[in-house]
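Just below is one structure, and these are the notes that go with it.
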There are 2 protein chains.
Amino acid sequence: MALQLERATQQRAAILAAFREHPHPLLPADVHALASVHCPGLGIATVYRTIKVLLAEAVLETVNLPGESARYELKDRPHHHHFQCRACGRVFDVPGCPPSLAAYAPPGFAVDGHELTLYGRCAECLRG
Amino acid sequence: MALQLERATQQRAAILAAFREHPHPLLPADVHALASVHCPGLGIATVYRTIKVLLAEAVLETVNLPGESARYELKDRPHHHHFQCRACGRVFDVPGCPPSLAAYAPPGFAVDGHELTLYGRCAECLRG
DNA sequence: CACTTATTGATAATGCGTTATCGTTCTCAT
DNA sequence: ATGAGAACGATAACGCATTATCAATAAGTG
């Protein structure tokens with residue numbers, strides 16, 4: 001037998017810790033930087049490999065924002081949307097969801113999902 | 001003197017005609033295919049070059065959808081959002097905009113813009 | 001019409017995110 | 001403790017969208 005990631009490695013633990021400690025959508029490069037603190041020498045290839053497996057296991061989900069490469073976050077939170085700071089580029093989760101979004105589609109179209117991204121300045125960048 | 005695109009070429013006319021005849025966000029490859037009908041032999045490099053100039057002239061605007069490369073459309077329509085068909089991949093404009101979107105941001109955050117994308121099946125794909 | 005040069009088309013080159021390769025290391029069952 | 005092979009790190013390779021290069025073409029002027 002032996003599928004993938006059966007073994008509990010330090011790398012996998014560090015990558016999962018990064019997602020748990022930072023409940024924001026993370027770029028693979030973010031994950032690499034954050035997990036490297038717990039696991040020095042971590043390779044970027046391992047980050048990509050592990051993300052792929054965690055997606056297959058439905059532990060992570062992909063967050064695609066307009067004009068950005070894919071981010072990932074833990075798939076343990078209810079439906080929500082995202083806010084991207086124009087200053088620091090970081091992405092934050094925002095709870096809730098506007099009602100009746102499907103009503104905006106043209107007649108005869110079937111809506112089965114949506115993505116909403118808010119833009120502006122995060123509290124930290126407004127202060128600084 | 002002589003800036004750029006001072007000359008009225010057939011290529012530029014065909015590219016603008018493609019946008020006027022297809023009021024949807026178009027990929028550079030879409031523009032190339034559509035404009036080639038009016039202008040056989042049109043090169044993809046010319047499409048990219050012309051799009052860049054039309055963006056600088058504020059004739060076109062960029063439409064970034066999650067997980068997709070940039071599309072472009074004429075900058076002559078009021079604020080609106082987009083619908084992408086999961087079957088054919090085409091993108092349609094949808095008029096209107098949900099109210100009070102900024103209220104969803106975390107306290108202390110300043111919202112100055114947003115992007116909304118609806119997903120589903122377009123009328124044509126539902127029929128076929 | 002002739003000339004100047006902006007513009008073009010073909011294609012090589014680039015940038016960047018992601019994946020494949022491969023020899024080495026580490027996990028875990030025995 | 002030992003052996004099999006899963007997982008790793010470094011890096012080459014890849015895919016794709018976009019841009020640069022350059023000789024040839026064509027728009028606009030005199």
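Just so you know, these numbers use all the heavy atoms, side chains as well, and skip hydrogens, waters and symmetry mates. Below, read A as the first sequence line, B as the second, and so on, with proteins coming before strands; counting in each chain starts at 1.
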Original post:
Which of these nucleotides, C:dG9, C:dA20, D:dT19, is closest to any side-chain atom of B:Thr46?
Top reply: C:dG9

Taking distance alone, no hydrogens or angles, what donor-acceptor pairs closer than 3.5 Å link side-chain atoms of residues 64-75 of chain B to residues at least two apart or in another chain?
| unit_1 | atom_1 | unit_2 | atom_2 | d |
| --- | --- | --- | --- | --- |
| B:Glu68 | OE1 | B:Arg71 | NH1 | 3.0 |
| B:Glu68 | OE1 | B:Arg71 | NH2 | 3.3 |
| B:Glu68 | OE1 | B:Gln84 | NE2 | 3.4 |
| B:Glu73 | OE2 | B:His80 | NE2 | 2.8 |
| B:Glu73 | OE2 | B:His82 | NE2 | 3.2 |

**OP:** Could you check which of C:dA10, C:dG17, D:dC8 has an atom nearest any side-chain atom of A:Ser69?
**Re:** C:dG17

**OP:** Report the distance from atom CD1 of B:Ile44 to atom P of C:dA13, rounded to the nearest whole Å.
**Re:** 20 Å

Original post:
Under 4.0 Å: is that the gap between some side-chain N or O of A:Thr9 and OP1 or OP2 of C:dC26?
Top reply: no

Original post:
Rounded to the Å, how far apart are A:Gln10 CD and C:dC28 P?
Top reply: 11 Å

Subject >> Length of the line joining A:Gln11:CD and D:dC8:P, which is rounded to integer Å >> reply: 5 Å

Original post:
How close or far is atom C1' of D:dA10 from atom NE2 of A:His32, stated in whole angstroms?
Top reply: 11 Å

Original post:
Which residues satisfy the side-chain contact (heavy atoms from CB on, under 4.5 Å) test with B:Ala123, sequence neighbours excluded?
Top reply: A:Phe109, B:Arg127

**OP:** Figure out the CG/C1' separation between B:Leu27 and D:dA17, and round it to whole Å.
**Re:** 10 Å

Original post:
So B:His114 and B:His81, would you call those rings parallel, tilted or perpendicular, with 30° and 60° as cut-offs?
Top reply: tilted

Original post:
So which nucleotide from C:dA20, C:dT18, C:dT8 ends up closest to the side chain of B:Arg49?
Top reply: C:dT8

Original post:
Over how many whole Å does the gap from B:Tyr48 atom OH to C:dA13 atom P extend?
Top reply: 19 Å

Original post:
Whole Å only: how far is the CD1 atom of A:Ile51 from the P atom of C:dT18?
Top reply: 8 Å

Original post:
Within this structure, what is the CZ-to-P distance between A:Arg7 and D:dC8, rounded to whole angstrom?
Top reply: 10 Å

Original post:
Does any non-hydrogen side-chain atom of B:Leu101 lie less than 4.5 Å from one of B:Val111?
Top reply: no

